[in-house]
Amino acid sequence: YQSGVLLSVMSHRGMVVASNLEPNLEFIIDGTTGFLFDNGDSSDLSKTILKVLSLETASYDSIRRNSFEFVSTNYDWKLITKHLNNELFN
């Protein structure tokens, strides 16, 4: 399972707030590439959103940049097709 929505947001340098479901842990390092909240806990979601809204501009931009770099490094289409070609034809 991979979230195309998360990857899309990250590739456009958006800020990600996602539940801590296992598939999201593949993409989100809490406080580094986005923010995680406890799944099903609306109070924790609210706290996480408030945390994001209170970030200084430099921290906010750094997390967005980290997110973009993570996706660019790990999920670029050229890398994916190269990996598939290696798996299929080698």
Side-chain angles (χ1 to χ4, degrees):
Y1 171 80
Q2 292 183 346
S3 173
V5 173
L6 285 181
L7 290 173
S8 180
V9 170
M10 293 169 81
S11 71
H12 288 91
R13 293 180 172 89
M15 179 60 74
V16 174
V17 173
S19 66
N20 62 354
L21 290 173
E22 183 142 350
N24 296 336
L25 302 178
E26 181 179 341
F27 309 107
I28 308 302
I29 301 164
D30 195 35
T32 302
T33 60
F35 289 91
L36 296 167
F37 65 91
D38 291 332
N39 186 51
D41 186 341
S42 60
S43 176
D44 195 43
L45 171 59
S46 296
K47 289 177 191 174
T48 303
I49 291 171
L50 290 174
K51 184 188 318 181
V52 171
L53 293 174
S54 70
L55 288 172
E56 303 237 350
T57 302
S59 296
Y60 187 88
D61 290 344
S62 176
I63 292 167
R64 291 174 53 232
R65 189 171 37 258
N66 292 341
S67 177
F68 175 78
E69 289 173 8
F70 176 83
V71 171
S72 297
T73 301
N74 296 291
Y75 295 96
D76 179 76
W77 277 113
K78 290 178 185 176
L79 295 172
I80 292 170
T81 54
K82 182 177 179 180
H83 176 73
L84 285 174
N85 280 333
N86 288 339
E87 290 293 317
L88 294 172
F89 302 112
N90 291 329

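One-based numbering along the sequence shown.
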(request) Any pair with a residue in residues 57-71 that passes side-chain hydrogen bond (donor to acceptor under 3.5 Å, both in side chains), sequence neighbours left out, goes on the list, sorted by first then second residue, please. (result) Asp61-Arg64
(request) Using the test side chain to side chain donor-acceptor pair (under 3.5 Å), find all partners of Asn85 that sit at least two apart in sequence or belong to another chain. (result) none
(request) Any chance you could pull the hydrophobic cluster mates of Leu88, using side-chain heavy atoms under 4.5 angstrom and chaining through other members? (result) Phe89
(request) May I ask you to decide if Ser19's main-chain N or O and Asn24's side chain share a donor-acceptor pair within less than 3.5 Å? (result) yes
(request) Kindly compute the distance separating CG (Leu50) from CG (Leu55), expressed to the nearest 0.5 Å. (result) 11.0 Å
(message) Which heavy atom of Phe37 sits nearest to which heavy atom of Asp44, and what is that distance?
(response) CA-OD2, 3.2 Å
(message) Restricting to side chain to side chain contact (heavy atoms under 4.5 Å, CB included), what partner residues turn up for Asp30, sequence neighbours left out?
(response) Phe35, Leu36
(message) When you compare the side chain of Val52 with that of Ile63, does any pair of heavy atoms fall below 4.5 Å?
(response) no
(request) Share the residues that join Ile29 in a hydrophobic cluster, the rule being Ile, Leu, Val, Met, Phe, Trp or Tyr side chains under 4.5 Å apart at the heavy-atom level. (result) none
(request) Spell out, yes or no, whether Val9 and Leu25 are grouped together once hydrophobic residues are joined by side-chain heavy atoms under 4.5 Å, including indirect joins. (result) yes
(request) Decide yes or no for Val71 and Leu6: does some side-chain heavy atom of the first lie under 4.5 Å from some side-chain heavy atom of the second? (result) no
(request) Sequence neighbours left out, what pairs pass side-chain hydrogen bond (donor to acceptor under 3.5 Å, both in side chains) with at least one residue falling in residues 33-43? (result) Asn20-Asp38
(request) Identify the heavy atoms of Ile28 and Met10 that sit nearest to each other, and give their distance. (result) CD1-SD, 4.1 Å
(request) Give a yes or no answer on whether the side chain of Thr73 reaches the backbone of Phe70 with a donor-acceptor pair at less than 3.5 Å. (result) no
(request) Report yes or no: do Leu45 and Met15 belong to one cluster of Ile/Leu/Val/Met/Phe/Trp/Tyr joined by side chain heavy-atom distances under 4.5 Å? (result) yes
